[in-house]
Trainee: 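Would you mind keeping the following structure in view while I ask a few things?
Atom set for the values below is all heavy atoms of this structure, side chains included, hydrogens, waters and symmetry mates excluded. Note that the numbering runs from 1 along the sequence shown for the chain.
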Amino acid sequence: VQLQASGGGLVQAGGSLRLSCAASGRTFSSYAMGWFRQAPGKEREFVAAISWSGGSTNYAESVKGRFTMSRANAKNTVYLQMNSLKPEDTAVYYCAADRHIGLSGATTSLEYEYDYWGQGTQVTVSS
């Protein structure tokens, strides 16, 4: 599976962005998907995850109520709608795919459980 993240950019605090992650491969619909982010000088952290069906989602406390993850299996794409953005949301955002957890219908926030990673897209929120 190859993942291509896009949609990042520069936005003012309080604004919105929608990230997309396009996946190659015919088995995309069986993968759990996740978004992670890494700010300068910090470790990569979990943001959101979604099950293969889209029926289950999981969010980091810091983004709950502001970010929404969704997927369109027919388009091999997952999305991260980010609203009410804050300067502390500034980071490189990465999408990731997990096959083994995906087969169970669950989600995971654990970075090491993801098998495939995209190249990242920069999100910068100005104050």
Trainee: Members other than Ile101 in its cluster, when Ile, Leu, Val, Met, Phe, Trp, Tyr link by side-chain heavy atoms under 4.5 Å?
Mentor: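 Besides Ile101, the cluster holds no residue at all.
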Trainee: How many angstroms lie between CH2 in Trp35 and CG in Leu19, if you round to the nearest 0.5 Å?
Mentor: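 Trp35 atom CH2 to Leu19 atom CG measures 4.5 Å (nearest 0.5 Å).
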Trainee: Taking the side chain as everything from C-beta on, heavy atoms only, tell me whether Asp89 gets closer than 4.5 Å to Met82.
Mentor: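 Asp89 vs Met82: side chains apart.
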Trainee: Please find the pair of heavy atoms, one from Val1 and one from Ser24, that lie closest to each other, and give the distance.
Mentor: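 So the minimum-distance heavy-atom pair works out to CG1-O, 3.8 Å.
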Trainee: Given Ser62 and Arg37, is the side-chain contact (heavy atoms from CB on, under 4.5 Å) satisfied, shown in steps?
Mentor: CA-CA 12 Å; Ser62 60; Arg37 66 187 181 187; 3.5 Å; yes
Trainee: Over all heavy atoms of both residues, which pair between Ser53 and Arg71 is shortest? Give the atoms and the distance, please.
Mentor: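 The pair with the smallest heavy-atom distance is C-CD, 4.4 Å.
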Trainee: Mind checking whether Val63 and Leu85 sit in one hydrophobic cluster, side chains of I, L, V, M, F, W, Y counted as touching below 4.5 Å?
Mentor: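 Yes, it is one cluster - the side chains of Val63 and Leu85 are joined through contacts under 4.5 Å.
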Trainee: How long is the straight-line distance from CG of Asn76 back to OG of Ser29, given to the nearest 0.5 Å?
Mentor: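 If we round to the nearest 0.5 Å, Ser29:OG and Asn76:CG are 7.5 Å apart.
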Trainee: If you compare all heavy atoms of Ala39 against all heavy atoms of Thr90, which two are closest, and at what distance to 0.1 Å?
Mentor: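 Residues Ala39 and Thr90, closest heavy atoms: CB-O, 3.6 Å.
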Trainee: Determine, step by step, whether Thr108 and Tyr114 satisfy the side-chain contact (heavy atoms from CB on, under 4.5 Å) criterion, reporting the C-alpha distance in whole Å, the side-chain angles of both residues, the deciding distance to 0.1 Å, and the verdict.
Mentor: CA-CA 8 Å; Thr108 179; Tyr114 285 86; 3.5 Å; yes
Trainee: For a side-chain contact (heavy atoms from CB on, under 4.5 Å) check, start with the C-alpha distance between Tyr94 and Leu3, then their side-chain angles and the critical distance, and finish with the verdict.
Mentor: CA-CA 9 Å; Tyr94 299 89; Leu3 304 175; over 6 Å; no
Trainee: Does Glu111 have any side-chain contact (heavy atoms from CB on, under 4.5 Å) partners at least two apart in sequence or in another chain, and if so, which?
Mentor: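 For Glu111, the residues satisfying side-chain contact (heavy atoms from CB on, under 4.5 Å) (neighbours in sequence not counted) are Phe36, Arg44, Trp117.
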Trainee: Please report the shortest heavy-atom distance between Tyr93 and Val47, naming the atom on each side.
Mentor: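 So the two residues come closest at CE2-CG2, 4.3 Å.
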Trainee: Got a sec: does the CH2 of Trp52 have more than 12 other heavy atoms crowding it under 6.0 Å?
Mentor: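 At most 12 heavy atoms, drawn from other residues, nucleotides or ligands, come within 6.0 Å of this atom.
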Trainee: In terms of hydrophobic clustering (I, L, V, M, F, W, Y; side-chain heavy atoms under 4.5 Å; direct or indirect links), are Tyr79 and Val11 co-clustered?
Mentor: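 No, separate clusters.
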Trainee: Nearest 0.5 Å please: distance from the CD atom of Glu88 over to the OG atom of Ser127.
Mentor: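 The OG atom of Ser127 is 10.0 Å from CD of Glu88, to the nearest 0.5 Å.
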Trainee: To the nearest 0.5 Å, what is the distance between CG (Asp98) and OG (Ser51)?
Mentor: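 Going from the CG atom of Asp98 to the OG atom of Ser51 covers 11.5 Å.
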Trainee: I'd like to know if the side chain of Gln38 reaches the main chain of Ala91, judged simply by a donor and an acceptor atom lying under 3.5 Å from each other, with no hydrogens or angles considered.
Mentor: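 A pair under 3.5 Å: no.
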Trainee: Inspect the surroundings of CD in Gln2 and state if more than 12 heavy atoms from other residues, nucleotides or ligands are less than 6.0 Å away.
Mentor: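 Incorrect, the count does not exceed 12.
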Trainee: Under the side-chain contact (heavy atoms from CB on, under 4.5 Å) rule, what do Phe28 and Asn73 come out as? Steps first, then yes or no, please.
Mentor: CA-CA 7 Å; Phe28 169 78; Asn73 286 341; 3.3 Å; yes
Trainee: When you measure from the side chain of Asp115 to the backbone of Arg99, do you find a donor-acceptor pair of N or O atoms at a distance under 3.5 Å?
Mentor: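 Yes, the answer is positive, given that a donor and an acceptor are paired below the 3.5 Å cut-off.
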Trainee: If every non-hydrogen atom of Val92 is compared with every non-hydrogen atom of Gly120, which pair is closest and at what distance?
Mentor: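 Between these two residues, the closest heavy atoms are CG1-CA, 3.8 Å.
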Trainee: Restricting to non-hydrogen atoms, name the atom on Thr107 and the atom on Ser56 that form the minimum distance, rounded to 0.1 Å.
Mentor: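 Heavy atoms of Thr107 and Ser56 come nearest at CG2-O, 3.6 Å.
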Trainee: For the atom pair CD (Gln119) and SG (Cys21), what is the distance rounded to the nearest 0.5 Å?
Mentor: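 Those atoms lie 8.0 Å apart.
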Trainee: Quick check with a 6.0 Å cut-off and a 45 degree axis cone: is Arg66 positioned over the face of Tyr59's six-membered ring?
Mentor: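 Cation-pi check for Arg66 and Tyr59: fails.
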